[in-house]
Peer 1: 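Take a look at this one; I'll ask things after.
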Amino acid sequence: MRSTLLAVASLTVLLFAGSAPAWAVGPARAADTPPATATAAPRATPPALDAAIKHGFKIIRSFEAVSGLTGWVVHDTDGQYNILYTTADGQTLLTGPLLTGAGEDLSQQYAEQYLPRPDLTALWNKFEKASVVITGTTAAPKSAIYVIMDPNCIFCHLLWIALKPYEAAGLQVRWIPVGFLHADSAAKAAAVLKGGTAAMQKSQQNFDVNTESGGIAGIRITPALKAKLDANLALMHAADVQGTPGVFYKDSAGHVLHSDGMPPLSDLSDITGLPTQPEHDPLLARFEKK
């Protein structure tokens, strides 16, 4: 349920000059079975990785993946870690999710095992200094969460809908706008930042779910707005957000937790720290656990 996988999108744009791929997967979880053995030092890189290396991707480690594939942990030019795959003959590069016939997300399991993890506790202080737009309860909120969002992100819009009952129950949502999904995303993110809560509400209330387009016109990005958007995007990378929305919250013990993508509705109580609220919008029906 992620709008895009940023590092893979970067590689795809660089190597194939195509559009950014979209994922539709659930929250991260630990692997049910250990996905094979990793080598601390990369083996000799196959020809399929030559273009990635040429464009500045650094190979961190490799591991044996399913079906004869080799997984490669790479550090991209935006400072993010990701996993690419090469075929047994070393001639073909694969990006994106690896799914079993039963729909099990093996790529997520590999990411859990092999990708470095950011220090979310340290990053929480940076979230508190980020350029945000606040919705929900403003006076003495019962809880607060941060959400990294793109104005053109359909899953950010769905999360906005799903959080409205929680906002009525005392939640404060601190939205961190970034712009990367569409050509006009940055200009719309600038409009949201400049216009604050009213602009955020307008963008979401008029969101076009058919075209996945935020319902606010973009504005000229001034140097001051560009600096804020760049800082927000850098924070997104530092927090290893693989796709929007990127949700950050604290549990009852004060530990900082992170979830990418539209979460199941049953997770919202844990994320918000509030009792489960009824959801009535039909757009959210697919996020109910059966």
Peer 1: Return the CG to CG distance between Leu69 and Leu84, rounded to the nearest 0.5 Å.
Peer 2: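 Between atom CG of Leu69 and atom CG of Leu84 there are 12.0 Å.
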Peer 1: Going by the rule side chain to side chain contact (heavy atoms under 4.5 Å, CB included), which residues pair with Thr138 if we only count those two or more places apart in sequence or in a different chain?
Peer 2: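 Here the qualifying residues are Ile134.
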Peer 1: Could you grab the distance from atom CD1 of Ile145 to atom CG of Leu159, nearest 0.5 Å is fine?
Peer 2: 6.5 Å
Peer 1: Grab the two heavy atoms, one from Ile221 and one from Ala187, that are nearest each other, plus how far apart they are.
Peer 2: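 Scanning both residues completely, I find the closest heavy atoms to be CD1-N, 3.9 Å.
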Peer 1: Find out whether Asp260 and Val241 are in side-chain contact, i.e. whether some heavy atom of one side chain is under 4.5 Å from a heavy atom of the other.
Peer 2: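 Contact flag for Asp260/Val241 side chains = yes.
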Peer 1: Could Lys164 and Trp160 be counted as a cation-pi pair, given that NZ or CZ must be under 6.0 Å from the ring centre and within 45° of the axis?
Peer 2: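 Yes, a cation-pi geometry.
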Peer 1: Please tell me if the side chains of Tyr166 and Val173 come closer than 4.5 Å, counting only heavy atoms from C-beta onward.
Peer 2: no
Peer 1: Verify, without hydrogens or angle tests, whether Asn232 (side chain) and Ile176 (backbone) share a donor-acceptor contact under 3.5 angstrom.
Peer 2: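 The answer is no, because no donor-acceptor pair under 3.5 Å joins these two groups.
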Peer 1: Test your reading of the model: is there a side-chain donor-acceptor pair from Asp208 to the backbone of Ser213, 3.5 Å cut-off?
Peer 2: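 No: the side chain of Asp208 does not pair with the backbone of Ser213.
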Peer 1: For Lys58, check salt bridge (charged side-chain N to carboxylate O under 4.0 Å, His left out) against everything at least two apart and list the hits.
Peer 2: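 For Lys58, no residue satisfies salt bridge (charged side-chain N to carboxylate O under 4.0 Å, His left out) once neighbours in sequence are set aside.
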Peer 1: Quick one: does any side-chain atom of Tyr110 pair with a main-chain N or O of Ala65 as donor and acceptor, under 3.5 Å?
Peer 2: no
Peer 1: Heavy atoms only: give me the nearest Ala162-Glu279 pair and the separation to one decimal.
Peer 2: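 Heavy-atom minimum between the residues: O-OE2, 2.7 Å.
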Peer 1: Apply side-chain hydrogen bond (donor to acceptor under 3.5 Å, both in side chains) to Gln205 and list each qualifying residue two or more places apart in sequence or on a separate chain.
Peer 2: none
Peer 1: Does a side-chain heavy-atom distance below 4.5 Å link Val74 with Ile60?
Peer 2: no
Peer 1: How far apart are the closest heavy atoms of Val192 and Pro151, and which atoms are they?
Peer 2: CG2-CG, 4.5 Å
Peer 1: If the condition is side chain to side chain contact (heavy atoms under 4.5 Å, CB included), which residues does Lys142 pass it with, not counting sequence neighbours?
Peer 2: Leu274
Peer 1: Quick one, Trp175 and Thr135 - any side-chain contact, counting heavy atoms below 4.5 Å?
Peer 2: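 Yes, at least one pair of side-chain atoms sits under 4.5 Å.
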Peer 1: Enumerate the residue pairs fulfilling salt bridge (charged side-chain N to carboxylate O under 4.0 Å, His left out) with a member in residues 176-202, sequence neighbours excluded, ordered by first and then second residue.
Peer 2: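 Non-adjacent pairs meeting salt bridge (charged side-chain N to carboxylate O under 4.0 Å, His left out): Asp184-Lys188.
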Peer 1: Does any N or O in the side chain of Thr272 come within less than 3.5 Å of the main-chain N or O of Leu268, such that one atom is a donor and the other an acceptor?
Peer 2: yes
Peer 1: Under a 3.5 Å threshold, yes or no: a donor from one side chain and an acceptor from the other, between Ser185 and Asp150?
Peer 2: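 The criterion, which ignores hydrogens and geometry beyond distance, is satisfied for Asp150 and Ser185.
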Peer 1: How far does CG of Leu120 sit from CH2 of Trp124, to the nearest 0.5 angstrom?
Peer 2: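 Between atom CG of Leu120 and atom CH2 of Trp124 there are 10.0 Å.
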Peer 1: Checking the side chain of Gln172 only, and the main-chain atoms of Thr137 only, is there a donor and an acceptor separated by less than 3.5 Å?
Peer 2: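 Yes.
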Peer 1: Do Ile271 and Pro263 come within less than 4.5 Å of each other through their side chains, counting heavy atoms only?
Peer 2: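 Sidechains of Pro263 and Ile271: in contact.
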Peer 1: Would you call Cys153 and Phe207 a side-chain contact if the rule is heavy atoms closer than 4.5 Å?
Peer 2: no
Peer 1: I need the Ile161 CD1 to Met262 CE distance, nearest 0.5 Å.
Peer 2: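 Answer rounded to 0.5 Å: 8.5 Å.
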Peer 1: Could you give the distance from NZ (Lys126) to CG (Leu235), rounded to the nearest 0.5 Å?
Peer 2: 7.5 Å
Peer 1: Starting from the C-alpha separation in whole Å, work towards a yes-or-no answer on side chain to side chain contact (heavy atoms under 4.5 Å, CB included) for Leu225 and Leu193.
Peer 2: CA-CA 8 Å; Leu225 285 171; Leu193 267 182; 4.3 Å; yes
Peer 1: Going by side chain to side chain contact (heavy atoms under 4.5 Å, CB included), name the residues that satisfy it together with Glu212, two or more places apart in sequence or in a different chain.
Peer 2: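 For Glu212 the side chain to side chain contact (heavy atoms under 4.5 Å, CB included) partners, ignoring immediate neighbours, are Ile154.
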Peer 1: State which residues pass salt bridge (charged side-chain N to carboxylate O under 4.0 Å, His left out) with Asp240; sequence neighbours excluded, sorted by chain then number.
Peer 2: none
Peer 1: Decide yes or no for Phe57 and Trp72: does some side-chain heavy atom of the first lie under 4.5 Å from some side-chain heavy atom of the second?
Peer 2: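 A side-chain contact under 4.5 Å is absent here.
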Peer 1: Listed by chain and number, what are the side chain to side chain contact (heavy atoms under 4.5 Å, CB included) partners of Asp50, not counting sequence neighbours?
Peer 2: Pro47
Peer 1: Give the minimum heavy-atom separation between Leu158 and Leu284, together with the two atoms involved.
Peer 2: O-CD2, 3.5 Å
Peer 1: Test your reading of the model: is there a side-chain donor-acceptor pair from Thr86 to the backbone of Thr92, 3.5 Å cut-off?
Peer 2: no
Peer 1: Using side-chain hydrogen bond (donor to acceptor under 3.5 Å, both in side chains) as the criterion, list what pairs up with Tyr146, not counting sequence neighbours.
Peer 2: Arg174
Peer 1: Quick one: do Asp230 and Leu233 satisfy side chain to side chain contact (heavy atoms under 4.5 Å, CB included)? Show the steps, please.
Peer 2: CA-CA 5 Å; Asp230 287 348; Leu233 193 61; 5.6 Å; no
Peer 1: Could you tabulate the donor-acceptor pairs under 3.5 Å formed by side-chain atoms of residues 246-253, not counting sequence neighbours?
Peer 2:
from	atom 1	to	atom 2	distance (Å)
Asp251	OD1	Ala253	N	2.9
Asp251	OD1	Gly254	N	3.0
Asp251	OD1	His255	N	2.8
Asp251	OD2	His255	ND1	3.4

Peer 1: Which atom names give the shortest non-hydrogen contact between Leu123 and Ala239, and what distance separates them?
Peer 2: CD1-CA, 3.5 Å
Peer 1: OH/Tyr81 to NE2/His75 distance, rounded to the nearest 0.5 angstrom?
Peer 2: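 Between Tyr81 OH and His75 NE2, I get 4.0 Å after rounding to 0.5 Å.
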Peer 1: Considering non-hydrogen atoms only, spot the tightest contact between Ala191 and Ala199 and give its length.
Peer 2: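 Heavy atoms only, the tightest pair is O-CB, 3.6 Å.
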Peer 1: Decide yes or no for Val178 and Leu229: does some side-chain heavy atom of the first lie under 4.5 Å from some side-chain heavy atom of the second?
Peer 2: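 No, every pair of side-chain atoms sits at 4.5 Å or beyond.
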Peer 1: Once side-chain hydrogen bond (donor to acceptor under 3.5 Å, both in side chains) is applied, do any residues pair with Asp270, and if so which ones, sequence neighbours excluded?
Peer 2: none
Peer 1: Quick one: side-chain hydrogen bond (donor to acceptor under 3.5 Å, both in side chains) partners of Asp89, sequence neighbours excluded?
Peer 2: Thr87
Peer 1: Between Thr100 and Glu104, is there a donor-acceptor pair closer than 3.5 Å when you use the side chain of the first and the backbone of the second?
Peer 2: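 Side chain of Thr100 to backbone of Glu104: a pair is present.
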